[in-house]
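The sequence lines fix the lettering, A, B, ..., with proteins before strands; numbering per chain opens at 1.
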Amino acid sequence: MHELSLAEALVGQLAEVAAREGATRIVRIDLELGAMSGVEREPFEFAFPIVARGTPAQDAILAFDEVPVTVRCGACGRESSPEFPMIVCVHCASTAVDVVRGRDFKVRSMEVD
Amino acid sequence: MCEDCGCGEGNARAYFEAHEHSHDHGHDHVHTRVAADAGGEIHIHVHIDTGGGRGEHAHAHAHAHEHAHAHAHDEPSEARRARTSVMETGVLAKNDAIAARNREWLAARGVAAVNLISSPGSGKTLLLERTLDALRGRVQAAVIAGDQHTDIDARRLAGKGAPVVQIETRASCHLDAQQVSERLGSVVTAGVRLLFIENVGNLVCPAAFDLGERSKVALLSVTEGEDKPLKYPVLFNGAPVCVITKVDLLPHLETDIEECRRSVRAVRPDARIFEVSARTGEGMGAWIEYLVGLADGGA
């Protein structure tokens, strides 16, 4: 259940930015959740309010953009999203691919009052 | 503006929770998200007209807003106090920054760190015991061992010529960069060129935390089943090296070693795979040569 650690990390980060901006309340948080980030949305949603209690993020809405794994093929040069967890080019079946999207779990922005 | 009713609510891309708000111009309404799936969201929008009429409609789209207010529609929208801070930072940015510092600290001392990750019981500690024996006199190594409880591993690994420290993570299911950072100074003594970080036995959580290692090494014992890499792809994709352990047991199992290799490569096509038995020594030579190369600055 490392989502609890992740929620703690996020709340700490948000509180720092909120303090810097003089905001007392965080209304909404936009998150990018990659399919290969190792983070599950549901346990994160469970953990977040527990950790956020008493902080400016207490009542914040979490908005997730779930990003599939995208690979770029070293053989044909095209990008594709193979069916996870397979790491292969959907176009030419080459395995000489780089993962270009879908690894990150990041906070894109937050809306504050 | 709210896309549905033009009520002046801020709108954005993704809709997450139900909200309600009221207007003082003749109708109240409630928005409720009732379903979300890959195809989008169904958003029910119910108008209750004070004049007695009642309109109800459902439509699918995505948007978001949350806050209540009241205003007259014939006035311009009130200035919103809410403002957006663009962040674009990893949720684990703090851990990653400490990991980057660890990496620099180690590189400055010519130390290569290996983060060993596997399920509990896959043979990390026995592999390390035999690895330290084999490296003794060739490459000075050190070990940070992580477990939820006990220093059993540190005691098993002691007396093999390598400084060892144990981290007891207690309730935590993984090591983080800060825990490693706090031990580097005591365990990486003069002459150390290779640091083994034996993570908490867990195929899920440790994969998300960079510790500052040169390389992640995933272990897969032949008793676990060939499909583990497919079931836990985040770790096996993130590890450029995979050690298949306990191969001496293969004659007693139905495990297909070729299938093990295939599933590792399905999630990490360029994985470097070692097949070893720490107990019999089979395959240990190639693993040790890889580590010596790593200590000498190789990939």
- B:N237 side chain near A:R103 side chain, heavy-atom distance below 4.5 Å: yes

- Do you know which of B:G90, B:P269, B:A93, B:S85 has the most heavy-atom pairs under 4.5 Å to chain A? B:S85

- Can you say whether B:A171 sits under 4.5 Å from chain A via the side chain, the backbone, both, or neither, judging by heavy atoms? neither

- Part of A:E16 within contact of chain B (heavy atom distance under 4.5 Å): side chain

- Query: Any donor-acceptor pair under 3.5 Å linking the side chain of A:Q13 with the backbone of B:K94?
  - Reply: no

- Query: What part of A:A23 is in contact with chain B, defined as an atom under 4.5 angstrom from a non-hydrogen atom: side chain, backbone, both or neither?
  - Reply: both

- Note on the structure: When every non-hydrogen atom of B:A208 is compared with those of A:S37, the smallest separation belongs to CB-O, 4.3 Å

- Query: Taking the side chain as C-beta and beyond, is there a heavy-atom pair between A:M86 and B:V267 under 4.5 Å?
  - Reply: no

- Query: Taking atom CD of A:E42 as the centre, does the number of heavy atoms from other residues, nucleotides or ligands within less than 6.0 Å exceed 12?
  - Reply: no

- Under 4.5 Å between any side-chain heavy atoms of A:L14 and B:M87, yes or no? yes

- B:R83 side chain near A:V112 side chain, heavy-atom distance below 4.5 Å: yes

- Task: Sort A:V17 into side chain, backbone, both or neither according to what part of it lies under 4.5 angstrom from a heavy atom of chain B.
- Result: side chain

- What part of B:A266 is in contact with chain A, defined as an atom under 4.5 angstrom from a non-hydrogen atom: side chain, backbone, both or neither? both

- Do A:K106 and B:E88 sit within salt-bridge range, that is, some charged N less than 4.0 Å from a carboxylate O? yes

- Item | Gap separating the SG atom of B:C205 from the CD atom of A:E3, nearest 0.5 angstrom | 6.5 Å

- What do the steps show when you test A:I87 against B:R268 for side-chain contact (heavy atoms from CB on, under 4.5 Å), and what is the final call? CA-CA 7 Å; A:I87 300 299; B:R268 175 89 191 198; over 6 Å; no

- Query: How about A:M110 and B:T84: do any of their side-chain heavy atoms sit closer than 4.5 Å?
  - Reply: no

- Message: Within a 6.0 Å radius of atom CZ on A:R72, are there more than 12 heavy atoms belonging to other residues, nucleotides or ligands?
- Response: no

- Message: Quick check: do A:S5 and B:F209 have side-chain heavy atoms less than 4.5 Å from each other?
- Response: yes

